[in-house]
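I'd like to ask you about the structure that follows.
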Amino acid sequence: MSHIYCQECGFQNPEAANYCARCGALLVKDEGGTEATQTFTADDADDTPAEALENLGVQGPALVVRSGGGRAGEMFPLEGETTVGRSPDCGIFLDDVTVSRKHAVLRERDGNFFIEDQGSLNGTFVNRKRVESAQLEDGDELQVGKYRLTYFAR
């Protein structure tokens, strides 16, 4: 079930709602922006997730949202340094109160990617273990707030 978040109070409402159940504010539905986002759905492909991402034309490492915030399937190619957080300035913008403004940073070092927590309140998890910093391996599951993402090294 998809949800829409109230821009006034942040309450999670069913997607079919027109007004917030908590504060009564008019819910603004995202009609799509100017930025295109590629998505991946495991049910759409007989290939492995990494092969399916290659079929979308993605070269190099990427993160795929597996669950959280109604964004399952969104994919983020990674290069150099990428910030993750609730701030719109972040390379990976995860809009939820469980995510800190500047939650974590993904950094490439010597051909490998590392995730570094930036002092977030709810922590950053790799394969269900809380980490301050960790090297990512192909297939690792990251948890940032309520979002679960999978790292593909390819």
_Shortest non-hydrogen contact from F152 toward D138_ = CA-OD1, 3.2 Å

*Kindly indicate whether the side chain of T124, heavy atoms from C-beta on, has any atom under 4.5 Å from the side chain of Q118.*
no

_Nearest-0.5 Å distance that lies between atom CG in L94 and atom OG in S87_ = 11.5 Å

*asked:* Tell me whether R130 at atom CZ has more than 12 heavy atoms from other residues, nucleotides or ligands lying less than 6.0 Å away.
replied: yes

*Report the distance from atom CZ of R148 to atom CZ of R128, rounding to the nearest 0.5 Å.*
5.0 Å

_Assess the residue pair D117 and V131 against the criterion (side chain to side chain contact (heavy atoms under 4.5 Å, CB included)); give the C-alpha distance rounded to whole Å, side-chain angles, the decisive distance to 0.1 Å, and a yes or no._
CA-CA 7 Å; D117 187 84; V131 297; 6.0 Å; no

*I92, V105: one ILVMFWY side-chain cluster at the under-4.5 Å cut-off?*
no

*Grab the two heavy atoms, one from F113 and one from G80, that are nearest each other, plus how far apart they are.*
CE2-O, 3.8 Å

*Which pair of non-hydrogen atoms, one from V99 and one from R86, has the smallest distance, and what is that distance?*
O-NH1, 2.7 Å

*Report, as yes or no, whether the 6.0 Å neighbourhood of atom CZ on F93 holds more than 12 heavy atoms from other residues, nucleotides or ligands.*
yes

_Are the side chains of L142 and F125 in contact, using a 4.5 Å heavy-atom criterion?_
no

*Atom OG1 of T83 and atom CZ of R101: how far apart are they, to the nearest 0.5 Å?*
14.0 Å

*Backbone of A21 reached by a side-chain donor or acceptor of N13 within 3.5 Å*: yes

*From CD (E108) to CD (E81), nearest 0.5 Å*: 11.0 Å

*Between R71 and F76, what is the shortest heavy-atom contact and its length?*
NH2-CZ, 3.4 Å

*Run through N127, N112, L106, L78 and flag the one making a side chain to side chain contact (heavy atoms under 4.5 Å, CB included) with L136.*
L106

*Would you say E141 has more than 12 foreign heavy atoms packed within less than 6.0 Å of its CD?*
yes

_Strictly distance-based, threshold 3.5 Å: is any side-chain N or O of Q12 a donor or acceptor partner for the main-chain N or O of P14?_
no

*Considering residues, nucleotides and ligands other than R109, do more than 12 of their heavy atoms fall under 6.0 Å from its CZ?*
yes

*Taking the side chain from H103 and the backbone from G119, do they hold a donor-acceptor pair closer than 3.5 Å?*
no

_Using a 3.5 Å distance criterion without hydrogens, assess whether the side chain of D140 forms a donor-acceptor pair with backbone atoms of Y151._
no

